[in-house]
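Read the structure below first, then the notes.
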4 protein chains.
Amino acid sequence: MSGEARPLRADAQRNRTRVLEAAEAVLARDGLSASMRAIAQKAGVGLGTIYRHFPTQEDLYRAIVTDRTRRLAEEAHTLSAAEDPGAAFFAFFTRIVVNAARNKPMADILVGSGVDPKAAMAEGAPDMRSAIETLLVNAQKAGAVRQDLRMPELLALLAGACLVAERNQWSDELRDRALGILFDGLRPNH
Amino acid sequence: MSGEARPLRADAQRNRTRVLEAAEAVLARDGLSASMRAIAQKAGVGLGTIYRHFPTQEDLYRAIVTDRTRRLAEEAHTLSAAEDPGAAFFAFFTRIVVNAARNKPMADILVGSGVDPKAAMAEGAPDMRSAIETLLVNAQKAGAVRQDLRMPELLALLAGACLVAERNQWSDELRDRALGILFDGLRPNH
Amino acid sequence: MSGEARPLRADAQRNRTRVLEAAEAVLARDGLSASMRAIAQKAGVGLGTIYRHFPTQEDLYRAIVTDRTRRLAEEAHTLSAAEDPGAAFFAFFTRIVVNAARNKPMADILVGSGVDPKAAMAEGAPDMRSAIETLLVNAQKAGAVRQDLRMPELLALLAGACLVAERNQWSDELRDRALGILFDGLRPNH
Amino acid sequence: MSGEARPLRADAQRNRTRVLEAAEAVLARDGLSASMRAIAQKAGVGLGTIYRHFPTQEDLYRAIVTDRTRRLAEEAHTLSAAEDPGAAFFAFFTRIVVNAARNKPMADILVGSGVDPKAAMAEGAPDMRSAIETLLVNAQKAGAVRQDLRMPELLALLAGACLVAERNQWSDELRDRALGILFDGLRPNH
DNA sequence: GATGAATGAGCTTTCATTCAT
DNA sequence: CATGAATGAAAGCTCATTCAT
């Protein structure tokens with residue numbers, strides 16, 4: 001499971017985290033024109049420190065996706081043990097979209113930078129997909145989601161919702177209306 | 001000062017078009033690393049010529065969105081006169097998504113380049129929105145679309161579909177399944 | 001014979017020359033730590049201008065060897081038509097060594113930079129070798145040079161003399177004494 | 001401050017040696033792009049350890065020349081006691097050239113790095129020069145070398161031979177032919 | 001008007017060197 | 001004493017933009 005080299009010295013680990021956080025912040029602020037230098041400044045470390053942890057700009061960007069995905073995967077796991085499978089399914093869907101909206105330009109930037117977010121995501125959470133699948137199957141068994149919904153289109157719709165959410169800063173109300181319609185499409189009995 | 005600019009000499013107009021086409025092609029090929037020089041080469045004109053027509057890289061990129069939007073708006077107008085308003089509505093929706101899928105990296109690039117695609121789009125087709133609204137209202141009158149659907153969420157869902165389509169090269173089948181579910185959500189009687 | 005692309009605009013040609021001269025000067029001054037930026041400054045052009053003419057640092061360095069070799073090859077040609085073949089042979093040998101001495105660190109730098117000076121030299125004067133060979137054969141026919149001397153060792157000794165000359169700033173007297181001994185080895189009747 | 005430094009603890013001495021050997025190896029492999037880090041890795045010590053022994057990169061490089069020179073000086077001393085002074089003289093000359101050929105890129109690198117090899121060499125073997133001079137004088141007394149040969153030009157020719165040997169990987173045969181001619185020039189009776 | 005040579009700010013990346021662990 | 005994480009100056013190179021031809 002581990003694979004990770006050695007546990008990293010305490011201060012090194014702290015720097016790694018600071019760099020990742022700074023990178024997210026600066027990317028969110030400056031978009032694609034974010035520079036490694038700006039990230040270093042924001043993180044309060046030297047340029048070289050970034051490159052020690054992430055030998056390449058791309059490595060850093062990939063790490064961001066990976067990190068974020070890991071956090072989402074954990075939520076998915078948690079939710080898949082919930083009582084009401086239908087509620088869990090829709091809650092997770094909403095949760096992901098909200099999360100995406102909060103980090104507006106991230107995906108664009110990553111895509112724009114040549115990072116393949118799908119690959120990076122896979123790396124970050126090899127079982128993210130299966131976690132979602134569990135949520136789906138349970139919700140279908142409970143009759144909360146239409147039987148003919150398959151993973152591919154679910155992921156597509158999920159991705160789409162995330163992408164708009166990222167771009168347009170939705171008001172809560174608009175988000176609820178749009179998701180409401182989408183969820184209607186996902187429910188059985190049509 | 002001169003209101004709407006003068007009509008442009010024939011060859012100048014031709015150059016403008018060539019540059020725009022080249023720009024779309026090069027952006028599609030090289031993504032974010034596309035350079036003005038590459039575009040000039042592809043267009044078969046000098047670098048200076050591009051800058052005569054588009055004083056700034058951003059101006060060029062904005063013009064691309066604007067142009068494309070104008071073409072879509074024309075289609076919307078055409079369709080809004082169709083016989084079956086419901087069919088017209090869904091056809092336009094599909095049409096836009098297909099169109100988006102064909103130009104995969106465009107939006108990413110534009111977003112990545114700091115161009116605000118919403119603004120550019122608005123500029124390109126001031127009445128795009130109203131054209132879509134006409135399609136919507138007609139479809140609702142015909143009972144083909146649920147009454148409580150409003151423009152904001154329609155546009156949001158439309159945008160979302162376009163964005164996924166751009167990223168993941170959908171198979172026709174997957175696209176139909178995903179849009180099918182979305183359309184179910186848009187229909188009345190839930 | 002031409003092969004050269006188009007003839008280069010007047011100012012472009014002038015800049016190319018200025019860059020080459022500046023590069024020689026700066027390399028001679030700063031050795032391997034010479035930077036492209038310093039060369040640009042010395043040449044009085046922008047950094048980009050260098051890169052327009054020489055897409056890579058290595059290309060620039062190669063061009064220096066090539067250029068210099070071309071000049072030497074011209075001298076060799078001139079001398080090979082001289083009256084006294086023996087004198088011509090030794091004069092050229094001396095000439096090359098003196099020339100090398102004047103440009104102290106050049107070869108080191110070029111070698112140090114990964115440029116293969118032999119290859120670059122070949123490129124600069126494809127017939128340099130044959131020009132030297134003519135000088136040698138003529139001198140041998142005139143009985144001024146030993147018959148068993150072949151090109152490989154001649155070139156080796158020539159190169160060696162150049163290399164020391166480059167390093168140690170020889171006094172004229174020392175140079176004459178060292179070359180005198182070398183020339184004694186090259187003469188017949190031993 | 002303390003005159004000649006104290007004798008170094010056993011393990012410290014071992015580390016010093018390891019670093020020097022690693023440095024030679026890495027320089028030979030990577031040429032000018034060799035880095036202190038790579039040397040540390042090869043030597044199996046930490047970066048800091050190198051800096052403890054050689055406060056500066058230049059100090060390390062200088063130590064390499066110094067070391068190597070010391071070894072050569074020892075050989076010169078040994079040979080100066082040999083039976084046949086002429087043979088000893090030419091043997092040492094050949095020995096040095098062969099040695100140089102084996103360490104091809106070393107001198108280039110050192111020169112390229114701003115180390116003055118002459119100074120470093122002087123430091124390494126203050127009596128190297130006198131050892132060679134002894135060989136020369138003895139050979140001249142034995143009539144194996146021309147009387148008018150003086151140290152400066154001898155050293156120049158020696159250096160030249162070494163330099164070509166370093167660059168062009170001579171075949172044994174070519175080396176013998178070139179040295180043969182050079183030696184003819186060094187012999188008396190012309 | 002069109003061309004493309006020139007410019008130079010700014011980018012990513014490397015690496016000698018320092019110093020906390 | 002040894003280690004290697006951190007630093008940041010400096011390098012090679014790109015590319016939007018300007019302007020002489």
Side-chain angles (χ1 to χ4, degrees), chain A residues 6 8-16 19 33-41 43-60, chain B residues 9 11-12 15 33-41 44-60 113, chain C residues 6 8-16 19 32-41 43-60 113, chain D residues 9 11-12 15 33-41 44-60 113:
Chain A
R6 88 204 67 175
L8 237 54
R9 253 167 51 182
D11 56 342
Q13 175 55 47
R14 201 188 57 236
N15 270 343
R16 208 195 111 100
V19 168
S33 64
S35 74
M36 296 298 268
R37 185 160 263 110
I39 294 173
Q41 217 147 41
V45 303
L47 248 184
T49 303
I50 298 189
Y51 281 92
R52 159 166 294 273
H53 289 287
F54 310 98
T56 274
Q57 192 184 52
E58 196 190 318
D59 289 326
L60 169 59
Chain B
R9 265 170 40 184
D11 57 340
N15 270 345
S33 64
S35 73
M36 295 298 267
R37 177 158 272 113
I39 294 173
Q41 218 147 41
V45 303
L47 252 182
T49 305
I50 297 189
Y51 281 92
R52 166 158 303 273
H53 290 287
F54 309 97
T56 274
Q57 191 182 50
E58 197 189 318
D59 291 325
L60 169 59
S113 310
Chain C
R6 89 203 65 177
L8 237 55
R9 253 168 51 182
D11 56 341
Q13 175 56 48
R14 202 188 55 237
N15 271 343
R16 208 195 111 99
V19 168
L32 261 169
S33 65
S35 75
M36 296 298 268
R37 197 161 254 112
I39 294 174
Q41 216 146 42
V45 303
L47 244 187
T49 303
I50 297 189
Y51 282 94
R52 158 167 295 276
H53 290 287
F54 310 98
T56 275
Q57 193 184 50
E58 197 190 318
D59 289 325
L60 170 58
S113 310
Chain D
R9 265 170 40 185
D11 58 340
N15 268 346
S33 64
S35 74
M36 295 299 267
R37 176 159 271 111
I39 293 173
Q41 219 146 40
V45 304
L47 254 180
T49 303
I50 297 189
Y51 280 92
R52 165 159 304 274
H53 290 286
F54 309 97
T56 274
Q57 190 182 51
E58 197 190 318
D59 291 324
L60 169 59
S113 309

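These numbers were taken from a predicted model, which means no experiment stands behind them. A, B, ... follow the sequence lines: proteins, then strands. Residue 1 opens every chain.
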Nearest-0.5 Å distance that lies between atom CD in D:Q41 and atom CZ in D:R37: 8.0 Å
task: Check whether any side-chain heavy atom of D:M36 sits under 4.5 Å from a side-chain heavy atom of D:L60, and report yes or no.
output: yes
- prompt: Any side-chain N or O of C:H53 under 4.0 Å from OP1/OP2 of E:dA6?
  reply: yes
query: Where does DNA chain F form stems of at least three consecutive Watson-Crick or G-U wobble pairs, each pair having both distances below 3.5 Å?
result: E:2-21 with F:2-21
query: Is it true that a side-chain atom of D:T56 and a backbone atom of D:D59 form a donor plus acceptor pair closer than 3.5 Å?
result: no
query: Whole-Å distance between F:dA6 P and A:R16 CZ?
result: 12 Å
Rounded distance [0.5 Å steps], CD1 in C:I50 versus CZ in C:R16: 12.5 Å
- prompt: Measuring from D:N15:CG to D:H53:NE2, what's the distance to the nearest 0.5 Å?
  reply: 5.0 Å
message: Is A:N15 close enough to F:dA6 that one of its side-chain N or O atoms is under 4.0 Å from OP1 or OP2 there?
response: yes
field: Spacing of C:I39 atom CD1 relative to F:dA10 atom C1', expressed in whole Å
entry: 15 Å
- line: Atom CG of C:D11 and atom P of F:dT18 are separated, to the nearest Å, by 20 Å
task: Take D:G46 and A:V45, find for each the nucleotide of DNA chain F with the closest heavy atom, and name the residue whose nucleotide sits nearer the 5' end.
output: D:G46
Provide a list of protein-nucleic acid N or O atom pairs under 3.5 angstrom, restricted to nucleotides 13-15 of chain E.
unit_1	atom_1	unit_2	atom_2	d
E:dT13	OP2	A:Y51	OH	3.1
E:dT13	OP2	A:Q57	N	2.9

- prompt: Using a cut-off of less than 4.0 Å, is there contact between a side-chain N or O of D:T49 and OP1 or OP2 of F:dA2?
  reply: no
- prompt: Starting at CD1 of B:I50 and ending at P of F:dA16, how long is that distance when rounded to a whole Å?
  reply: 10 Å
query: Atom CD of C:Q41 and atom C1' of F:dA10: how far apart are they, to the nearest Å?
result: 14 Å
task: Can you tell me the distance, in whole Å, between the CD atom of A:Q13 and the P atom of E:dA20?
output: 21 Å
- request: Would you mind reading off the distance between D:R52 atom CZ and E:dT18 atom C1', rounded to a whole angstrom?
  value: 13 Å
- request: Mind checking the CG-OG spacing from C:L47 to C:S35? Nearest 0.5 Å is all I need.
  value: 8.0 Å
task: Provide, to the nearest angstrom, the distance between the CZ atom belonging to B:F54 and the C1' atom belonging to F:dT17.
output: 16 Å
